[in-house]
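Down below is the structure, laid out as structure tokens.
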2 protein chains.
Amino acid sequence: MSASTLSEVARLAGVSPATASRVLNGSARTPGPEIAERVRQAAASLSYVPNAQAQGLVKSKSGLIGLIVHDIADPYFSAIARGVQAAAREQGKMLLLATTNGTPAEECVAVAAFAARRADSIVIAGSRSIRPEDKNSNAELSAELDRYCRNGGRVGVMGHPVVGASAHECYHVVNVPNEELAAELVGKLAKIHSGTFLILGGPEGLLTSDDRIRGYQRGLKAAGLPPAEIVRTGFDRAGGYDAGLSLAKRILGGARHRHGVPQGAEARPCILAVNDVMAIGAVAALRSEGLRIPRDTLIAGFDDIETLRDFRPALSTVHLPLEDFGRLAALGGTSGGSADNEAEAGTTPAGRVMLRRSTETRALSQT
Amino acid sequence: MSASTLSEVARLAGVSPATASRVLNGSARTPGPEIAERVRQAAASLSYVPNAQAQGLVKSKSGLIGLIVHDIADPYFSAIARGVQAAAREQGKMLLLATTNGTPAEECVAVAAFAARRADSIVIAGSRSIRPEDKNSNAELSAELDRYCRNGGRVGVMGHPVVGASAHECYHVVNVPNEELAAELVGKLAKIHSGTFLILGGPEGLLTSDDRIRGYQRGLKAAGLPPAEIVRTGFDRAGGYDAGLSLAKRILGGARHRHGVPQGAEARPCILAVNDVMAIGAVAALRSEGLRIPRDTLIAGFDDIETLRDFRPALSTVHLPLEDFGRLAALGGTSGGSADNEAEAGTTPAGRVMLRRSTETRALSQT
DNA sequence: GCGCAATTGGCAAGCGCTTTCCCAAACAAG
DNA sequence: CTTGTTTGGGAAAGCGCTTGCCAATTGCGC
């Protein structure tokens with residue numbers, strides 16, 4: 001005793017299924033007003049719910065848009081998800097969500113699942129990886145995606161094209177100016193900080209991390225400074241925490257022992273984390289070792305995660321309009337020709353450097 | 001030139017569609033190994049992707065599970081979503097996500113959409129509301145849900161049954177012991193804090209908020225204390241911030257002017273917020289007015305949001321295993337009979353009071 | 001009043017898949 | 001060698017819906 005069907009409604013209304021279909025779902029041809037009313041009444045009295053699967057089957061589209069993230073509980077991704085969701089709603093579509101822990105292998109199965117469900121478009125939010133161990137999975141992923149595209153799917157990617165993808169015309173990549181913004185952040189920081197810089201990066205091959213690192217180094221160079229040392233660790237809070245622990249030792253050690261070296265430079269480095277959560281993790285670790293921010297070390301993050309904005313000391317970071325990115329990726333040039341898309345990409349909400357307490361050089365006292 | 005179909009594969013393999021279906025999708029009858037191989041090869045060479053919509057249509061189930069949240073970017077909901085997602089994956093299903101901003105009206109359309117897509121089950125994560133203005137929408141929502149249930153759908157709800165629902169046997173509600181835990185929190189707080197208590201609540205009629213408030217009052221009573229004043233505000237950070245602003249004035253005013261009143265009691269209240277983000281908002285406001293936590297006022301939250309754990313002063317709160325709740329709601333007694341479910345509900349991971357820095361009464365100095 | 005176009009409802013053919021029957025072949029038993 | 005029993009594959013009937021096409025009705029100009 002499943003839901004009632006269109007034919008049942010039609011029978012009750014005394015019309016053919018064709019007519020019922022035409023009145024209940026936006027068809028070009030609308031039957032006469034009196035018949036329409038009868039059908040609508042019948043539908044209501046049977047509490048008819050159209051079967052979207054059947055509709056999708058015949059129209060060969062599903063009204064679904066698939067979103068792939070590493071972890072939906074990660075605030076970075078959930079912000080993007082909100083944007084994608086909003087875009088979906090605007091288009092009258094529903095959101096299919098898949099999480100992959102960042103592994104291309106799982107992304108691959110997610111794409112396949114979306115393809116099976118005939119998702120109208122799919123958005124990949126997670127950072128691309130070119131680590132050697134992901135090479136095979138990446139190849140499979142791009143194959144799967146290309147196939148999906150060839151069958152008429154559209155895919156939106158954030159930040160980086162999918163490595164190895166070939167059906168370029170189907171891909172809509174939202175440009176995330178990681179490198180530029182990172183450089184800009186460093187530029188501003190270099191003006192107020194005269195000590196050393198130190199980069200807290202994710203694993204090599206993670207494109208987002210690599211971009212930001214490159215930006216940091218470029219900014220340093222532009223400011224006439226030498227490249228900073230890069231500490232590699234996990235791209236999450238735990239990674240930041242671990243690195244923070246060892247950094248704390250170095251900073252404390254450096255301050256204590258190396259009297260010959262310019263005091264200010266070694267004793268109070270500026271840590272450039274490649275994202276906010278790593279920065280937060282590092283701060284937690286530094287604090288647990290008795291260090292204070294910004295007294296003993298400056299630190300900056302990246303992303304400007306909303307939930308973290310009340311963190312003290314307020315974290316200097318780069319604000320990214322993640323929600324807009326999500327929406328853009330989901331819209332994927334839906335509204336307008338490709339020329340418009342180019343323009344759109346140009347006017348992408350671009351992010352903004354936010355200098356806050358965690359990199360304040362004046363006040364040396366307080367937490 | 002859409003994706004290739006089963007019949008195409010069958011033709012290529014030189015078998016009937018029936019056979020192809022049998023080998024490519026787990027059927028009871030598995031064709032001979034040599035034929036199976038041929039079919040599989042054909043499928044691979046055509047890069048065949050089964051059409052889940054068609055499959056769903058004939059099997060009249062979709063492999064979809066629908067999740068309804070207020071806002072996916074809210075860490076509370078994204079934690080739950082992670083759990084639901086995990087459960088979905090375990091069952092080999094996909095997650096359909098709908099956000100509603102907490103309005104029953106939008107929840108209603110979400111349920112309808114899920115029903116149309118023939119979601120196998122749906123999970124409602126957002127708090128139920130019994131505010132008078134939501135009465136109609138609630139009725140529609142429960143009607144929609146009941147209909148969905150009658151057609152064989154299962155629904156999992158967190159915390160509270162849907163108001164007005166009647167098809168009880170289809171609902172699986174995971175019990176969130178808000179009241180008990182709130183009481184427990186207050187109990188522990190009452191042991192270390194001798195001043196007044198003050199409740200920072202959400203709008204009246206929001207069940208989660210009301211439960212927690214009731215728990216707070218009950219805990220107070222159990223400790224032999226008078227009921228606390230309740231300040232009503234929005235259930236989010238902004239609400240907490242606003243309330244914090246006015247509270248700050250009162251606290252400052254109280255400390256300055258009312259010398260007759262026992263100093264400790266008025267000057268250093270303990271604020272019991274009904275969730276973490278409100279607490280954080282309040283802290284931000286209090287700080288902006290020059291107050292310090294826990295020096296000038298104690299404060300506790302509820303939920304133990306992960307991203308907020310690095311917040312300083314560490315927020316006393318009630319840890320809720322949100323992810324488990326999500327998983328449980330999604331599993332919905334899938335594994336086992338209803339008797340098991342009862343047991344399961346009993347052994348629900350129950351949450352835990354976390355006393356941290358923000359309610360520390362000893363140290364009166366520092367931030 | 002007639003012919004024409006325009007309108008309106010119904011028929012039926014699918015969309016891509018599963019599954020129930022049915023049938024032929026293959027085997028065991030008598 | 002006949003009969004009963006498996007066995008493995010195919011034919012076909014849908015799942016619930018849309019839509020191209022046709023037939024019937026209507027409206028209109030002349």
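Labels below follow one simple rule: chain letters A, B, ... track the order of the sequence lines, proteins then strands, and each chain is numbered from 1.
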Taking only heavy atoms on the protein side, list every residue of residues 7-23 of chain A lying under 4.0 Å from any atom of DNA chain C, sorted numerically. A:V15, A:S16, A:A18, A:T19, A:R22
For DNA chain D, whose closest nucleotide is more 5', that of B:A54 or that of A:V58? B:A54
Is it true that a side-chain atom of B:N101 and a backbone atom of B:T103 form a donor plus acceptor pair closer than 3.5 Å? no
Atom CG of B:L57 to atom C1' of D:dG14: distance rounded to whole Å? 9 Å
Which of these passes side chain to side chain contact (heavy atoms under 4.5 Å, CB included) with A:E144: A:V162, A:V111, A:V109? A:V111
If you walk 5' to 3' along DNA chain C, what is the first nucleotide with an atom under 4.0 Å of a heavy atom in chain A, and what is the last? C:dT8 to C:dG16
Would you confirm whether A:S78, through its side chain, and B:S78, through its main-chain N or O, come within 3.5 Å as a donor-acceptor pair? no
Using side-chain heavy atoms (C-beta onward) and a distance below 4.5 Å, is A:R117 in contact with A:Q53? no
Using a cut-off of 4.0 Å on non-hydrogen atoms, how would the nucleic acid contact of B:S60 be classed: base, sugar-phosphate, or nothing? nothing
Taking the basic N atoms (NZ, or NE/NH1/NH2) and the acidic carboxylate oxygens, is any pair closer than 4.0 Å for A:E323 and A:R327? no
Residue pair B:V69 / B:T100, side-chain heavy-atom distance below 4.5 Å: no
Quick one: on DNA chain D, does A:Y48 or B:I35 contact a more 5' nucleotide (nearest heavy atom)? B:I35
Between the side chain of A:S142 and the main-chain N/O of A:A139, is any donor-acceptor distance below 3.5 Å? yes
State which residues pass ring-ring contact (aromatic ring centres under 6.0 Å, His included) with B:H160; sequence neighbours excluded, sorted by chain then number. none
